Engineer: 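So that we are looking at the same thing, I have put the structure below in C-alpha cells.
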There are 4 protein chains.
Amino acid sequence: MLSVLVEFSMFPTSADGRDGASVSKSVSKIIDAIDKSGVPYQLTPMGTVIEAKSMKEALSVIELAYEQVSDLERVYSSLKFDIRKNTENRLKTKIASVEKVLNREINH
Amino acid sequence: MLSVLVEFSMFPTSADGRDGASVSKSVSKIIDAIDKSGVPYQLTPMGTVIEAKSMKEALSVIELAYEQVSDLERVYSSLKFDIRKNTENRLKTKIASVEKVLNREINH
Amino acid sequence: MLSVLVEFSMFPTSADGRDGASVSKSVSKIIDAIDKSGVPYQLTPMGTVIEAKSMKEALSVIELAYEQVSDLERVYSSLKFDIRKNTENRLKTKIASVEKVLNREINH
Amino acid sequence: MLSVLVEFSMFPTSADGRDGASVSKSVSKIIDAIDKSGVPYQLTPMGTVIEAKSMKEALSVIELAYEQVSDLERVYSSLKFDIRKNTENRLKTKIASVEKVLNREINH
C-alpha cells in the first residue's frame, strides 16, 4: 500500500494563456480535468492536492494537467510529493494528526 | 493594497525532530504558532497557506515558523509566493474564481 | 520543438534512507541513474536540473529517480517545470540571456 | 554555525514585467542585485542558489530580490530551504559529497 500525495500548481506564463494578470481560465481547464478524472483531490488557494496509489498514477495526473494547456507557448509548474508506504487516505489524516497533537481544531 | 499568498511546508529532516517517519509533533509546533499569530491561514494536507499584506509580514511568518524548530539539526522547507497588487482576501477569492469559470462547486 | 526544463530534489525522510542528517547515499543513487540515463542534466547544491524534449520524457526521468529509492518508507520531492515551445538547449541559453542583459559574467 | 541554503526563482506573471514569454529583463534585475549584495550564490538554469549564515540573512536576500520587481502587478516565486547546523560552504560540499559516493565527476 502506497500513498502518493502531490501538491501542485500549473499555469501559463505566456500571454496566450492569460487575461492580463489572471490565469483563472487556463487553471480552471486543468481543475475541470482533475475533477472529472476521479482522482481524490482538494483545491487550495495556491494549488491542488491529489492522492494517488502509485507514482505512475500520480505522474499521469500531472501529464493530464499539462495536456489541458499544452497548446500554450510557455507553462510553469511547481510540485511537491510526499510518498509514504503503508498509509492511505492522507488527504484527511495528515490534518487530523496535527489537530490531535494540538488537541484543538485548526483552520483547514 | 498588496496580497501576498504563501504556501509552505517546513519539517525536520534530522532524527532529532522525527518519530520514525512521522513529523507531526514538529509540524504541529509550527502550526500552533501560526494559528496564534493571527495571520489569516489555511492548513492543507501538504502545507499551510497564509495571506499577508506585505512581503515583510509574509517573511516574518516564515521566520516565526523556523523559530519553532530552530533547535533541530536539519530543517527543510519548500515555499511558493503569489504576490499581487490591488487584491485582498485571496484565501477565498482564488477558489471562487475557478468555481465561477466552471460554473459548479469544486472539492476544497 | 519543446524544451521541458525540470529542477527537482528527491530525498528520503524516513530513517531507513538516512545516515543521521545525511542523505548523500540515497541521493547519489538517484544522480547515478540520471547520469547513466543520457538525459542532459546539471547537478546543483540544491537539486538537479534536467532538460527533456517532451512532458512524457521529463516525467519518466522523475519515475526513474523514484525507482532508485522506492524501497524506502517515506520519500519527499519538490520539483519545478518550465515548459516552453520552439526552444531547446536551455540548460545553457537561460543563463546566457541573463549575462547578455547584464553585460557581464555571473557566478554559475 | 548554521548553513541556510536557499534555491529560488522569482519572476513576474503580469504583462508589465514580460516581453512576450520572456522574463530575462526582470530576472536579470534580481540577479544583478544578488550579485552586488556579496552573498555567496550560484545561478542555475532554473533559479539561484544562495548560502546565508542565518535565517534572517536568507530572508533579507529574498526581500532584496522582491524589491527589484515590486513595481510589477503580479510576481511569483518558488523557494526551497535546506537549513543545517554545524556546517558551512555547502555551495561546494554538497556536490562534492555526491561525487565522493559515486567516485566520479558529475555534470555540475
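Only this structure's heavy atoms are used, side chains among them; waters, hydrogens and symmetry mates stay out. A, B, ... follow the sequence lines: proteins, then strands. Residue 1 opens every chain. This one's a predicted model, so the numbers in the text were calculated from it and none came from an experiment.
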Engineer: Most heavy-atom pairs under 4.5 angstrom with chain D, which of C:Ala96, C:Ser28, C:Ser24?
Structural biologist: C:Ser28
Engineer: Among D:Gln42, D:His108, D:Lys80, which residue has the highest count of heavy-atom pairs closer than 4.5 Å to chain C?
Structural biologist: D:Lys80
Engineer: Please state whether the side chain, the backbone, both or neither of C:Phe11 comes within less than 4.5 Å of a heavy atom of chain D.
Structural biologist: neither
Engineer: Chain C heavy atoms under 4.5 Å from D:Thr93: which part of the residue, side chain, backbone, both or neither?
Structural biologist: neither
Engineer: For the OG1 atom of D:Thr44 and the CG atom of C:Asn107, what is their distance to the nearest 0.5 Å?
Structural biologist: 13.0 Å
Engineer: Do C:Lys94 and D:Val27 come within less than 4.5 Å of each other through their side chains, counting heavy atoms only?
Structural biologist: no
Engineer: Give me the contact list for residues 45-69 of chain D versus chain C, heavy atoms only, anything under 4.5 Å, ordered by residue number.
Structural biologist: D:Pro45, D:Met46, D:Val49
Engineer: Check C:Ile34, C:Asp32, C:Leu43 against D:Ile106 for a side chain to side chain contact (heavy atoms under 4.5 Å, CB included) and give me the one that passes.
Structural biologist: C:Leu43
Engineer: Relative to chain C, which segment of D:Phe8 carries a heavy atom at a distance below 4.5 Å: side chain, backbone, both, or neither?
Structural biologist: backbone
Engineer: Pick whichever of C:Arg90, C:Lys29, C:Glu99, C:Arg104 has the most heavy-atom pairs under 4.5 Å with chain D.
Structural biologist: C:Arg104
Engineer: Under a 4.5 Å heavy-atom cutoff, which of D:Lys25, D:Lys100, D:Arg84, D:Lys92 has the most pairs with chain C?
Structural biologist: D:Arg84
